[in-house]
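A quick write-up on the structure given underneath.
If you're wondering where the values come from, they're calculated on a predicted model, not measured in any experiment. We count residues from 1, following the sequence as given.
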Amino acid sequence: MSNKPIIAVDIDDVLTVLAPKIIEYSNKNLGCNLTLDDYDDWWAKMWGVDVDETIRRAQMIFADPEIYPNLSVMRGAQSALDKLTTRYKIVVLTSRPLFILDTTTTWINRNFPMIEEIFLSGNYDNPDRHSGKRNKGDIVKEIGAMYFIDDQPKHTNAAAERGIESILFGDYGWNRDVEIAPGVTRVADWGGVADYFGV
């Protein structure tokens with residue numbers, strides 16, 4: 001059992017490059033005309049469709065063998081986490097649905113063997129996920145993480161409000177012009193994460 005302080009890290013658009021793949025898929029297969037600035041993690045909003053149609057489309061994306069199993073690794077992530085793992089326990093906290101846990105675990109084990117555990121928030125398994133009843137901030141606190149890295153301000157703000165030092169990752173349309181809570185630090189990339197932790 002590790003006694004190192006825990007850093008919880010999101011997967012998509014933090015460890016991986018997902019949003020451009022979803023935009024590409026949407027334009028090619030769903031008749032959309034989206035740019036990366038249109039991306040939203042609540043795909044119903046991005047596509048402008050109802051929940052049932054969103055679920056149908058999402059199932060197609062999750063089942064496509066060219067997307068989740070083959071996502072690119074975010075530049076600098078492996079090197080930074082290799083350095084961090086000497087002082088910290090690295091875990092993943094993702095909103096991905098339970099039914100792609102095997103795909104997610106295989107990808108993590110192949111690309112980030114230093115990651116010790118994977119936690120699912122269950123956001124996408126819950127049809128009422130926008131009710132605010134449970135969020136990543138609660139889970140980060142429950143697992144005892146001291147630090148949290150995510151690209152979504154709603155998650156980093158929630159963690160910071162619970163006393164967790166949080167890093168808002170990336171310079172994206174969805175996180176650029178938003179208010180961040182005290183205790184949240186913005187970084188542009190994994191070089192910024194390394195600088196934050198002094199590695």
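- Proximity of Tyr172 to Asp37: side-chain heavy atoms (C-beta onward) are nowhere separated by under 4.5 Å.
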**OP:** Assess whether side chain to side chain contact (heavy atoms under 4.5 Å, CB included) is satisfied between Asp150 and Ile167, documenting all intermediate values.
**Re:** CA-CA 6 Å; Asp150 201 292; Ile167 296 173; over 6 Å; no
Subject >> Check against side chain to side chain donor-acceptor pair (under 3.5 Å), Asp82 and Ser79 >> reply: CA-CA 5 Å; Asp82 274 337; Ser79 172; over 6 Å; no
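- Using modelled atom types, one side-chain atom of Arg162 and one backbone atom of Ala158 make a donor-acceptor pair closer than 3.5 Å.
- Taking the six-membered ring for Trp, Tyr39 and Trp174 have ring centres closer than 6.0 Å.
- Considering only residues two or more places apart in sequence or on other chains, Asp13 meets the side-chain hydrogen bond (donor to acceptor under 3.5 Å, both in side chains) condition with none of them.
- Salt-bridge check for Lys89 with Glu117: passed, with a basic side-chain N closer than 4.0 Å to an acidic carboxylate O.
- Cation-pi contact between Arg57 and Trp43: absent, since separation from the ring centre below 6.0 Å together with deviation from the ring axis within 45° is not met.
- Between His155 and Leu93, the closest side-chain pair of non-hydrogen atoms is not below 4.5 Å.
- A perpendicular orientation is assigned to the rings of Phe99 and Phe62, their planes being inclined by more than 60° (bins at 30° and 60°).
- Salt bridge status for Asp10 with Lys136: present, with a side-chain N to carboxylate O gap under 4.0 Å.
- Taking the six-membered ring where tryptophan is involved, the planes of Trp190 and Phe169 are tilted, since the angle between them lies from 30° to 60°.
- Donor-acceptor pairing under 3.5 Å is lacking for the side chains of Trp47 and Thr54.
- Remark: the Asp38 side chain and the Thr35 side chain contain an N/O donor-acceptor pair separated by less than 3.5 Å.
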